[in-house]
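Note sheet for the following structure.
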Amino acid sequence: MSDTTPFRPFETHLDESRALAKLREAVAGGDDGELFIERRRSEALVFDDGRLKTASYDASEGFGLRAVRGETAGYAHSTQITEAALARAVSTARLAVGDGGGTLAAAPAETNRRLYTDADPMADAEFGVKIDTLREIDDFARSLDPRVVQVSATLAASIQEVEILRPEGRRLRDVRPMTRLNVSVIVEENGRRESGSAGGGGRLGLTGLIAPDNWQATAREALRIALVNLGSVPAPAGVMDVALGAGWPGILLHEAVGHGLEGDFNRKKTSAFAGLMGKRVAAPGVTVLDDGTIPDRRGSITFDDEGTPSGKNVLIEDGILVGFMQDRQNARLMGVEPTGNGRRESYAHAPMPRMTNTYMLGGDVSPGDIVADVKDGIYAVGFGGGQVDITNGKFVFSCTEAYRVQNGKVGAPVKGATLIGDGPTSLKQIRAIGNDMALDPGMGNCGKAGQWVPVGVGQPTLLIGGLTVGGSAA
């Protein structure tokens, strides 16, 4: 299902010198801009309830042209990568520049860094091998426990090829692979059904994901979670201490805190963290980073969608707010340097400040000691959906795996637990930081202003005092 011919738009679609002339015409008198050209190909195979349910392949290509002047950006995009379409886009994007008067921003720094393979992951295995693997996963998961009544396995792979032409004449190219395996299991006992899911991936090939030792471990984890939920009791409700597990629970940090540290929200003063630079916003010992430079990680990018190299950016250091995530436009308007966080979903979208891999550094407390310090609360190690209000940081998150803890002893798993609080307050209520910092297995997607991009999260085991737990126990 894969076209392995490299995407070379300036050899097959556009003359580079003429395209550069059009780009410079669009941004003349403006502050910034770029021509972003993309080809994306993806496939997804879903094996559900003992049969291949869907097999999809998608391919798209196009360009986006942006011209920036002050706080205004003009953006035009097209699925036709032609000089005629580019000329039409110039007239649209240029509306943002108006009479001009701007000064073109300095070019991004250069980088020769490579963080992931540029091989097409869809070509790693024949179609039949992928189907056979999914069938083996289904058979294996059902063989593990007689209570398994349904299995769903998904194998997905994509490759995004990007060319960015900047007004100063620099041309950047990046090839971004992505793969993911996910397994979901439903178990039934005495008329009660519960489910569990597990998976992961990253900017790497399919070979490791479809190796038996990997998918068998994934299937076992999905079953483990389903069986935990099968034995769960209604969650308690009230204000209590909460221990959060390492790794994927960092999604709470991502949503409740991360979005509030993006530059556009702070420039517009709509973030709960606006105006707090240099001030204490978290408990001592809390250090939060956004790092797009980790090899092969889901949220990593060699350079962002404006051409700025990704960075390892400290946002909160020992509880003090020290930085925001910036794209070029918001960084310029705030008088700071861009951080490599200008990201977009596709050529049809303008870039904005977005997270890459956002995580909290570890401390020096053992996870066992943290849980033992919970007198009356819950231990949450898996999360599902959640909502957050950027203006005040208030969040609501549902737990997919959590346990009752009383007097330091982990008890029965609980069902229907939600965590309610606000990011700024929760950061200050962190009472212990574990020495087991871990990143998630590679399954995060982040939505903002209608755009979705892949991200990573991570954290050590944490103890947060005084969170509101929503539950159904009497």
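In this text the structure is predicted, and so the values were computed from the model without any measurement.
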Working to the nearest 0.5 angstrom, can you tell me the gap between Leu439 CG and Asn357 CG?
7.0 Å
Between Phe303 and Ile164 the two heavy atoms that sit nearest each other are CE1-CD1, 3.8 Å
Would you check if there is a donor-acceptor pair between the side chains of Thr302 and Tyr116 at a distance under 3.5 Å?
yes
Find out whether Leu261 and Phe273 are in side-chain contact, i.e. whether some heavy atom of one side chain is under 4.5 Å from a heavy atom of the other.
yes
Donor-acceptor pairs under 3.5 angstrom involving side-chain atoms of residues 197-213: please list them, not counting sequence neighbours.
from	atom 1	to	atom 2	distance (Å)
Ser197	OG	Ser184	OG	2.7
Arg203	NE	Ser300	O	2.6
Arg203	NH1	Pro177	O	3.2

Examine distances only and state if a side-chain atom of Asp304 and a backbone atom of Arg343 form a donor-acceptor pair shorter than 3.5 Å.
no
Examine distances only and state if a side-chain atom of Lys394 and a backbone atom of Gly423 form a donor-acceptor pair shorter than 3.5 Å.
no
Is the shortest side-chain heavy-atom distance between Asn330 and Asp327 below 4.5 Å?
yes
Mark yes or no for whether Asn214, through its side chain, and Ala217, through its backbone, hold a donor-acceptor pair below 3.5 Å.
no
Within a strict 4.5 Å, meaning less than it, do heavy atoms of the Asp32 and Gln329 side chains meet?
no
Once side chain to side chain contact (heavy atoms under 4.5 Å, CB included) is applied, do any residues pair with Ala19, and if so which ones, sequence neighbours excluded?
Phe10, Leu14, Leu35, Leu86, Leu165
Is it true that His259 and His254 have ring centroids separated by less than 6.0 Å?
yes
State plainly whether the residues Arg267 and Glu71 are in salt-bridge range, i.e. N to O under 4.0 Å.
yes
Does a donor on one side chain and an acceptor on the other come within less than 3.5 Å for Arg176 and Ser158?
no
Applying salt bridge (charged side-chain N to carboxylate O under 4.0 Å, His left out), can you list everything that pairs with Lys22, at least two apart in sequence or on another chain?
Glu25
Whether the side chain of Glu38 engages the backbone of Ser346 through a donor-acceptor N/O pair (distance < 3.5 Å, no angle test) should be reported.
no
Is the shortest distance from a Lys or Arg side-chain nitrogen in Arg40 or Glu61 to a carboxylate oxygen in the other one below 4.0 Å?
no
With Leu95 via side chain to side chain contact (heavy atoms under 4.5 Å, CB included) - residues at least two apart:
none
Would you give the length of the straight line joining atom CG of Asp436 to atom OG of Ser366, rounded to the nearest 0.5 angstrom?
9.0 Å
Arg69 and Asp99 ion-paired at < 4.0 Å
no
Min side-chain heavy-atom separation Thr287-Met360 under 4.5 Å
no
Please determine which of Thr356, Thr179, Asn445 meets the side-chain hydrogen bond (donor to acceptor under 3.5 Å, both in side chains) test together with Arg298.
Asn445
Please list, chain by chain and in numerical order, all residues satisfying side chain to side chain contact (heavy atoms under 4.5 Å, CB included) with Ala84, sequence neighbours excluded.
Thr82, Arg88
Within 45° of the ring axis of Phe36 and under 6.0 Å from its six-membered ring centre, is that where the NZ or CZ of Arg344 lies?
yes
Yes or no on side-chain contact (heavy atoms from CB on, under 4.5 Å) for Ser42 and Gln160, after CA distance, side-chain angles and deciding distance?
CA-CA 9 Å; Ser42 63; Gln160 179 193 28; over 6 Å; no
Donor-acceptor contact below 3.5 Å, side chain Asp31 vs main chain Ala105
no
Tell me whether Arg173 is salt-bridged to Asp118, with the criterion being a basic N under 4.0 Å from an acidic carboxylate O.
no
Are Arg41 and Glu161 close enough for a salt bridge, meaning some N to O gap below 4.0 Å?
yes
Taking the six-membered ring of Phe265, is the NZ or CZ of Lys448 close enough (under 6.0 Å from the centre) and on axis enough (within 45°)?
yes
Output all residues satisfying ring pair (Phe, Tyr, Trp, His ring centres under 6.0 Å) with Phe140, sequence neighbours left out; order by chain, then residue number.
Trp215
Looking at Asp174 and Arg114, does any basic side-chain N land under 4.0 Å from a carboxylate oxygen?
yes
Answer yes or no: are there more than 12 heavy-atom neighbours, outside Glu337 itself, under 6.0 Å from its atom CD?
no
